[in-house]
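All remarks here apply to the structure that follows.
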Number of protein chains: 4
Amino acid sequence: MTATSRGVVIRNGEIVTALDQYVADIYCRDGVIQAIGENLDVPSDTEVVDASGQYVFPGGLDAHTHMELPFMGTTSADDFFTGTAAGIAGGTTSIIDFVIPARNQSLIEARDFWFNNAKKACADYAFHMAVTWFGEQVEREMRQVHSENGITSFKVFMAYTGAIGVDDDEFIGVIDTAADLGALVTAHCEHGLAVQSLQKKLVAAGKLTPKYHAQSRPAWVEGEATNRAIMLARCSGQPIYIVHLTCKESLEAVIRARQEGQLVYVETCPQYLLLDDSVYDKPDFEGAAYVMSPPIRPVGHQDPLWHALSCGLIHTVATDHCPFNQVGQKDMGKDDFTKIPNGAAGIENRMALMYTYGVETGRLTLQQFVDVCCTAPAKIFGLYPRKGAIAVGSDADIFVYDKTRTGKISAKTHRHRVDRNIFEGFEIKGAVTHTICNGRLQYKDGDLRVERGAGRYMPRR
Amino acid sequence: MTATSRGVVIRNGEIVTALDQYVADIYCRDGVIQAIGENLDVPSDTEVVDASGQYVFPGGLDAHTHMELPFMGTTSADDFFTGTAAGIAGGTTSIIDFVIPARNQSLIEARDFWFNNAKKACADYAFHMAVTWFGEQVEREMRQVHSENGITSFKVFMAYTGAIGVDDDEFIGVIDTAADLGALVTAHCEHGLAVQSLQKKLVAAGKLTPKYHAQSRPAWVEGEATNRAIMLARCSGQPIYIVHLTCKESLEAVIRARQEGQLVYVETCPQYLLLDDSVYDKPDFEGAAYVMSPPIRPVGHQDPLWHALSCGLIHTVATDHCPFNQVGQKDMGKDDFTKIPNGAAGIENRMALMYTYGVETGRLTLQQFVDVCCTAPAKIFGLYPRKGAIAVGSDADIFVYDKTRTGKISAKTHRHRVDRNIFEGFEIKGAVTHTICNGRLQYKDGDLRVERGAGRYMPRR
Amino acid sequence: MTATSRGVVIRNGEIVTALDQYVADIYCRDGVIQAIGENLDVPSDTEVVDASGQYVFPGGLDAHTHMELPFMGTTSADDFFTGTAAGIAGGTTSIIDFVIPARNQSLIEARDFWFNNAKKACADYAFHMAVTWFGEQVEREMRQVHSENGITSFKVFMAYTGAIGVDDDEFIGVIDTAADLGALVTAHCEHGLAVQSLQKKLVAAGKLTPKYHAQSRPAWVEGEATNRAIMLARCSGQPIYIVHLTCKESLEAVIRARQEGQLVYVETCPQYLLLDDSVYDKPDFEGAAYVMSPPIRPVGHQDPLWHALSCGLIHTVATDHCPFNQVGQKDMGKDDFTKIPNGAAGIENRMALMYTYGVETGRLTLQQFVDVCCTAPAKIFGLYPRKGAIAVGSDADIFVYDKTRTGKISAKTHRHRVDRNIFEGFEIKGAVTHTICNGRLQYKDGDLRVERGAGRYMPRR
Amino acid sequence: MTATSRGVVIRNGEIVTALDQYVADIYCRDGVIQAIGENLDVPSDTEVVDASGQYVFPGGLDAHTHMELPFMGTTSADDFFTGTAAGIAGGTTSIIDFVIPARNQSLIEARDFWFNNAKKACADYAFHMAVTWFGEQVEREMRQVHSENGITSFKVFMAYTGAIGVDDDEFIGVIDTAADLGALVTAHCEHGLAVQSLQKKLVAAGKLTPKYHAQSRPAWVEGEATNRAIMLARCSGQPIYIVHLTCKESLEAVIRARQEGQLVYVETCPQYLLLDDSVYDKPDFEGAAYVMSPPIRPVGHQDPLWHALSCGLIHTVATDHCPFNQVGQKDMGKDDFTKIPNGAAGIENRMALMYTYGVETGRLTLQQFVDVCCTAPAKIFGLYPRKGAIAVGSDADIFVYDKTRTGKISAKTHRHRVDRNIFEGFEIKGAVTHTICNGRLQYKDGDLRVERGAGRYMPRR
């Protein structure tokens with residue numbers, strides 16, 4: 001990263017952290033917050049952001065993205081540059097992406113591939129290491145990336161059996177190794193074999209359109225896997241982090257575990273909070289835009305997720321950002337839903353959606369909004385207080401939000417490099433007016449000034 | 001079976017069925033109940049049982065036994081003759097045992113082995129077919145035993161991975177095939193790999209005595225597998241029968257499924273209702289007598305099982321009768337609990353235990369007692385009203401119970417062919433005074449008159 | 001009742017009881033079942049019902065009716081004659097109605113009033129005694145009706161505070177007295193004061209149409225009261241019977257109690273199984289026809305009730321039959337939903353609805369259908385095996401059901417003496433072809449031959 | 001309060017807030033925190049506290065105390081001076097006590113009495129207003145104390161029927177009035193009439209010793225009332241705060257409500273986390289020391305409370321400090337447990353107990369410890385960030401804790417003015433070394449320098 005010689009001061013904004021709310025100035029220089037206080041004295045060359053009447057939030061941390069992911073015969077449409085740029089426009093100033101080796105591929109080889117891709121990022125980034133098979137070599141390489149790269153979280157897929165999914169024996173191997181390293185395991189919870197069995201029956205019955213994607217992965221198939229992941233974690237005496245939890249069944253498994261005293265971290269995504277499975281009924285293959293795993297759930301699952309967020313049983317909101325274009329990618333599954341690349345975009349919209357549909361509706365306090373989008377992911381994944389905080393010494397990652405503006409989400413105007421937006425037409429209350437990233441003003445009122453490669457890799461402890 | 005020329009009439013007993021209770025005579029001849037009524041006229045050569053002041057119950061059906069089972073390097077101590085004889089002494093007049101092929105063994109070959117062993121039984125018997133692996137051959141052989149032998153229930157072990165256990169892919173294969181046959185799948189629910197992982201850790205820590213058997217298979221490992229079995233059954237749109245359910249976690253998984261409308265049959269055993277895990281603390285390796293899978297549970301699990309029985313959420317009480325002698329068998333695991341043959345005796349004691357600790361304590365009505373021990377297993381496994389009923393035309397399998405007597409269970413006096421009784425010292429209210437089996441009086445006041453080979457194989461529909 | 005000199009024989013029907021199913025003849029005379037068997041010899045003057053290919057069920061027992069009830073300024077539209085006649089046309093051959101004293105009225109005085117009204121019944125009847133206030137006199141009179149009239153069940157209303165509702169102090173008095181008598185307490189569970197508070201707010205907001213009736217008594221208000229009733233019963237160490245349970249919240253309270261080992265009997269009604277609250281949106285005040293308490297629930301509550309029935313957590317299905325005409329009665333609340341008389345008809349339709357929507361859909365077995373509609377209420381309320389059974393010696397209350405017919409429910413054709421039917425237009429599978437009541441054929445293929453006053457009062461033990 | 005001319009600086013401590021943890025100096029003067037930072041420049045007359053190697057926590061806020069409470073014929077043994085002094089010695093620097101009018105007494109009259117008593121406090125204090133009856137006058141007076149005194153929380157007792165307890169009608173009146181004021185209702189949840197009924201039965205059976213106190217108020221009686229309070233709050237569309245929650249049943253009612261999206265705040269106390277009902281078996285009437293309502297619960301309830309604290313479902317830990325001497329007070333109930341004054345001391349021990357048994361055992365993070373003891377009560381009751389924070393501008397209420405020391409709780413050494421300590425003999429990890437209250441060092445290494453009357457009343461918004 002190029003050091004910036006000028007500082008930035010944000011004046012008179014209402015600073016909101018996961019705990020507090022107060023009006024003050026923030027002075028940023030050399031990438032970090034130098035001072036917080038009233039009427040700060042700053043050097044005369046300092047760039048001034050007038051935040052009067054606006055909220056000043058810590059920059060968002062999206063702990064679940066897949067930039068330029070090779071998947072299902074194609075590659076996700078945002079690369080590390082375009083994806084992180086879209087994030088900055090939306091107030092998200094850092095991400096944790098995934099290194100995903102192929103089954104039997106060296107973790108080191110995969111790491112090198114992803115680290116190379118990520119060099120073009122314009123926001124700071126870290127990596128979870130997906131572990132897609134297990135054995136002596138994998139165990140050794142888990143230890144290697146932990147010590148060499150500060151990768152302290154490992155992911156297992158319980159879905160995608162036969163591809164990147166692991167069986168329970170491998171899961172146990174991964175979590176026992178992670179336990180030894182003091183690292184955290186995260187899990188994608190769907191019963192892969194059950195999904196395949198249901199897919200086979202649907203395909204055999206000629207049920208091939210996008211809506212059968214959802215039917216092949218019902219909530220109870222996720223609920224079962226969530227319950228199982230929690231049990232396997234308990235065997236190892238370890239906490240576990242459930243990625244993109246979507247349904248009541250999973251939530252109930254989590255609540256049972258919490259009542260027994262087990263530490264289970266839970267992540268959900270805006271699409272699971274805000275959409276229902278009627279999206280799959282859209283004509284002209286438009287339902288394909290919503291094909292992701294787990295799928296969007298029927299009405300009845302969204303409210304419990306909101307309630308769990310509001311009482312602290314869900315800790316983080318990430319995006320699972322993984323866009324594929326309708327034309328040329330999604331349409332690979334035109335005649336067979338099992339061939340539709342799974343995923344959608346979201347990184348630019350997360351903060352505004354959560355503010356609009358969380359804070360403005362009264363479901364979340366401002367503090368909770370900051371916590372689930374910025375602070376809790378940083379704490380859980382070892383990046384706090386570098387990220388997720390507005391405090392002297394923290395990275396100067398901040399965004400300013402004018403709650404009086406209004407807007408509407410659309411693929412026509414979004415900065416995601418993809419031809420659809422699953423939140424098309426959603427009304428937004430408020431708007432990001434400024435994003436400071438590493439102490440530099442990178443977004444101002446629609447003007448995106450990001451710099452390819454300015455993002456730094458963040459090793460963790 | 002040799003036809004009996006003389007009939008038997010049971011006079012003036014209080015007949016109890018799963019629905020009713022009334023005083024009448026029962027006339028049995030040619031193996032079936034010929035008449036029920038007051039002051040029945042019967043041929044003069046009829047043997048008369050005076051049941052005044054006593055209960056007259058349908059003969060017990062024990063739907064879970066393992067006679068002469070080759071297991072863990074030895075063979076269970078009761079053979080089909082001694083085991084069914086002990087049952088008759090205790091009021092149980094028929095059993096369903098298991099054909100258990102080795103992994104990769106032909107189901108047909110295993111069937112022939114078990115059918116041959118069973119010829120010595122003195123009570124009627126049927127078989128569940130355990131399916132311990134899966135593939136085209138197995139599917140074909142499942143169909144064959146269904147059509148040739150009237151075997152309408154198939155069992156999968158989720159424990160014993162690597163031996164007779166199946167993985168989820170095989171489970172799905174079995175239940176889909178059973179679905180096609182209209183047959184019922186029963187499941188032993190413990191997560192085999194989790195158990196192995198816990199065993200490995202315990203053994204590595206030098207924790208080798210019998211009590212660590214229980215720690216290697218905690219309730220939550222069973223609860224997880226129960227939850228998973230239910231989900232896999234749901235994928236196939238099938239009911240499922242959970243064998244020997246022992247704990248709250250499993251019960252809660254069942255209750256969740258029932259609230260969703262899924263049909264889940266549940267079996268438990270007297271040992272899980274009446275013992276707690278303090279038995280594993282017995283000195284001198286005596287804890288080994290209680291080594292079975294699932295293990296005896298901590299205090300706190302027994303009451304919920306009783307409550308579930310009493311409100312109909314547990315349907316049947318079987319024994320999992322599978323005895324091994326302390327000397328020469330259990331002691332194979334003297335230095336390593338993982339080598340202790342799993343199992344214990346119970347067939348002789350089931351009816352008396354359930355009467356004493358169920359009916360006499362007010363936990364079960366007389367009708368519920370009959371239902372869970374006699375009628376429900378017959379209905380679920382396709383043997384009703386041949387078995388489990390006192391009705392004209394039903395098999396004349398009946399026992400008379402004098403509730404005024406008292407007794408005490410002991411290995412010194414039991415008829416199980418094994419050197420320990422896990423209910424040693426348990427007080428019993430009442431006693432079986434007569435057992436009629438296939439219309440013949442085979443037990444009378446301590447005098448056991450069974451005939452080797454008199455039992456008949458019962459095909460089912 | 002006039003004794004009938006001729007007997008009736010039902011030939012070749014498929015007899016279904018709560019336990020069994022078999023083809024046989026039934027010979028009835030002098031009001032009782034004389035014989036059951038194949039090819040019964042009967043006197044030549046015996047009336048013959050050919051039931052070949054039809055089901056033969058025990059006569060239905062409706063344990064919750066309100067004939068000619070003075071309520072909310074009017075009187076329910078069916079009297080004991082017309083109401084029981086409608087029941088017979090629908091296969092229901094006995095009822096348990098309620099004596100409901102006014103607050104501070106003598107129970108004895110009320111009893112005399114109701115017993116006098118009931119003399120015109122054409123089917124057998126019993127009474128629950130509602131206890132609407134408490135004190136020394138009430139306690140004495142509870143004992144009196146118990147010993148003099150064999151009234152062994154007492155009802156409390158937790159709703160209708162200030163009118164017939166009791167507070168918790170009175171509830172405790174009632175259940176402690178019942179405990180002493182060995183009698184059963186039944187409870188209408190809604191929090192009366194909460195309802196009044198919600199009503200007041202709705203009325204103040206000008207929300208006066210029938211749909212606000214449902215909003216003034218939400219499911220959670222019933223759930224709370226159910227939970228409380230169960231707790232109060234636990235204080236007395238008594239079982240409790242919850243009348244007309246309608247919702248998930250209540251069911252969950254019951255399940256919690258059952259898991260703790262408490263005996264809670266539960267009743268529901270066809271309207272709560274088959275209707276949802278969209279009925280209140282009907283135009284032209286037609287929603288008033290569905291005004292009853294508790295109200296019809298939103299979608300999402302019906303399935304859990306069916307599931308609970310099917311797994312034995314709901315024991316009985318009654319009707320709460322209490323019709324009021326739209327014209328002249330319901331319209332008293334034209335301008336204020338709180339003035340609409342609460343109640344609707346159902347006694348004629350219960351058996352056909354439960355057969356059609358329970359048995360034919362696969363939700364209930366034939367045995368469960370018989371149990372919940374006939375046998376369980378008889379057992380719980382001390383009328384078994386006189387009622388609810390097909391057994392020698394039982395009352396000859398039987399109906400024959402031809403499952404091959406089809407029909408449709410309509411106020412135009414029903415025998416309820418009221419101008420609306422809340423199941424208007426419901427398709428019915430099967431039809432009652434014959435009803436035998438006290439050994440006499442009182443309904444045959446549309447021809448209703450009931451006799452005013454033929455019904456007998458049934459004291460209970 | 002006398003303004004202090006000298007400031008205090010706390011040097012080099014590890015500052016812990018509900019969110020953060022970092023090493024810095026804190027400079028306090030004129031009652032507030034003036035600056036936080038490294039190597040702060042302070043006036044030379046500033047008193048220096050060297051906190052190197054120690055934790056620096058916000059002063060504790062005990063939101064549930066009863067100083068000099070007239071109750072059950074006597075008065076709680078600590079007055080506002082001795083009670084708040086004991087708190088300061090233990091790191092608690094402010095309290096919220098209760099004004100408790102007698103039934104039918106004017107709230108204003110009671111307020112004046114309590115405000116007068118409280119003048120002697122040496123730490124800051126606020127009041128909840130208990131509402132013990134309801135009517136027009138009460139409603140008016142609720143509004144009056146809200147506007148005149150900044151009393152923004154009102155308490156109802158569901159126990160103590162006939163004395164200070166309210167019925168549900170009164171509860172609804174209180175919460176509707178509070179709703180209108182934007183004030184919070186807190187509830188003591190036990191079903192008063194059920195308790196009285198159980199008491200009567202126990203007394204009648206001659207069961208009069210302290211242990212029957214617990215039997216007269218079982219967990220399910222609290223669980224019921226908790227469930228009811230939540231429902232009543234839902235009727236008013238209001239949040240509710242459950243004081244001293246003790247048991248699984250209550251917790252489950254809370255969890256159900258949270259899953260439905262209702263906001264329920266929960267408080268528990270150290271005695272419910274750390275003691276079990278075996279304390280009532282102590283000989284020589286010593287069990288009386290533990291007589292409080294709700295009572296100490298059986299084993300099995302404590303762990304769920306800890307787990308709920310750790311996952312955020314319980315928000316605050318208060319003490320319900322209300323001591324009575326064994327001699328001269330508790331012994332009023334020597335012959336009848338219903339006459340034992342209810343209550344015990346705790347204010348001095350709360351912080352050390354929660355640190356020792358919460359943080360040191362790994363059940364709570366340091367941040368959670370601060371949150372439940374200091375920050376969350378301040379936020380919920382409108383005192384944040386004045387109290388519960390370490391931030392510039394907040395009240396200078398701070399304590400320094402040396403985690404390396406050890407100690408043991410005893411009535412011999414505690415500063416509570418009472419002859420028993422219910423935590424007698426409990427080992428403590430760490431010790432309060434300094435307490436700053438309103439900017440003044442009031443406790444230093446065992447030296448308590450409190451000033452009678454230095455505490456200020458805190459109106460709230």
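In what follows, chains carry the letters A, B, and so on, assigned in the order in which the sequence lines appear, proteins first and then strands, with residues in each chain numbered from 1.
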Checklist entry - Which residues from residues 353-369 of chain A are near chain D, with near meaning under 4.5 Å between non-hydrogen atoms? => result Gln367(A)

Item to check | Greatest number of heavy atom pairs closer than 4.5 Å to chain A - which of His315(D), Glu260(D), Gln262(D) | outcome: Glu260(D)

Checklist entry - Would Phe399(D) and Met351(D) count as a side chain to side chain contact (heavy atoms under 4.5 Å, CB included) if you check the C-alpha gap in whole Å, the side-chain angles of each, and the deciding distance to 0.1 Å? => result CA-CA 10 Å; Phe399(D) 74 101; Met351(D) 304 304 295; 3.6 Å; yes

Item to check | Selection from Gly393(D), Gly312(D), Gly261(D), Gly37(D) maximising heavy-atom pairs under 4.5 Å formed with chain A | outcome: Gly261(D)

Item to check | Stepwise side chain to side chain contact (heavy atoms under 4.5 Å, CB included) check, Tyr384(D) with Thr375(D) | outcome: CA-CA 7 Å; Tyr384(D) 188 86; Thr375(D) 308; 3.6 Å; yes

Item to check | Any donor-acceptor N or O pair under 3.5 Å, side chains Thr316(D), Tyr241(D) | outcome: yes

Next on the checklist: Working to the nearest 0.5 angstrom, can you tell me the gap between Ile33(D) CD1 and Ile390(D) CD1?
Outcome noted: 5.5 Å

Checklist entry - Got a donor-acceptor contact below 3.5 angstrom from the Thr226(A) side chain to the Cys189(A) backbone? => result no

Checklist entry - Can you check side chain to side chain contact (heavy atoms under 4.5 Å, CB included) on Met458(D) and Leu383(D), steps first, answer last? => result CA-CA 8 Å; Met458(D) 301 179 287; Leu383(D) 291 169; 4.0 Å; yes

Item to check | Candidate list Pro377(D), Pro270(D), Cys374(D), test side-chain contact (heavy atoms from CB on, under 4.5 Å), partner Val317(D), passing option | outcome: Pro270(D)

Item to check | Gln302(D) (side chain) donor-acceptor with Arg297(D) (main chain) under 3.5 angstrom | outcome: yes

Next on the checklist: Working to the nearest 0.5 angstrom, can you tell me the gap between Leu309(D) CG and Ile314(D) CD1?
Outcome noted: 5.0 Å

Checklist outcome for this item: Ranking Leu19(A), Val264(A), Leu263(A), Thr17(A) by heavy-atom pairs under 4.5 Å to chain D gives rank one to Leu19(A)

Checklist entry - Listed by residue number, which members of residues 250-258 of chain D have a heavy atom under 4.5 Å from any heavy atom of chain A? => result Glu252(D), Ile255(D), Arg258(D)

Item to check | Asp25(D) side-chain N/O to Leu40(D) backbone N/O, donor-acceptor pair under 3.5 Å | outcome: yes

Checklist entry - Going by atom types only, do Arg460(A) and Ser153(A) share a side-chain donor-acceptor pair under 3.5 Å? => result yes

Checklist entry - So what's closer than 4.5 Å to chain A heavy atoms on Lys248(D): side chain, backbone, both or neither? => result neither

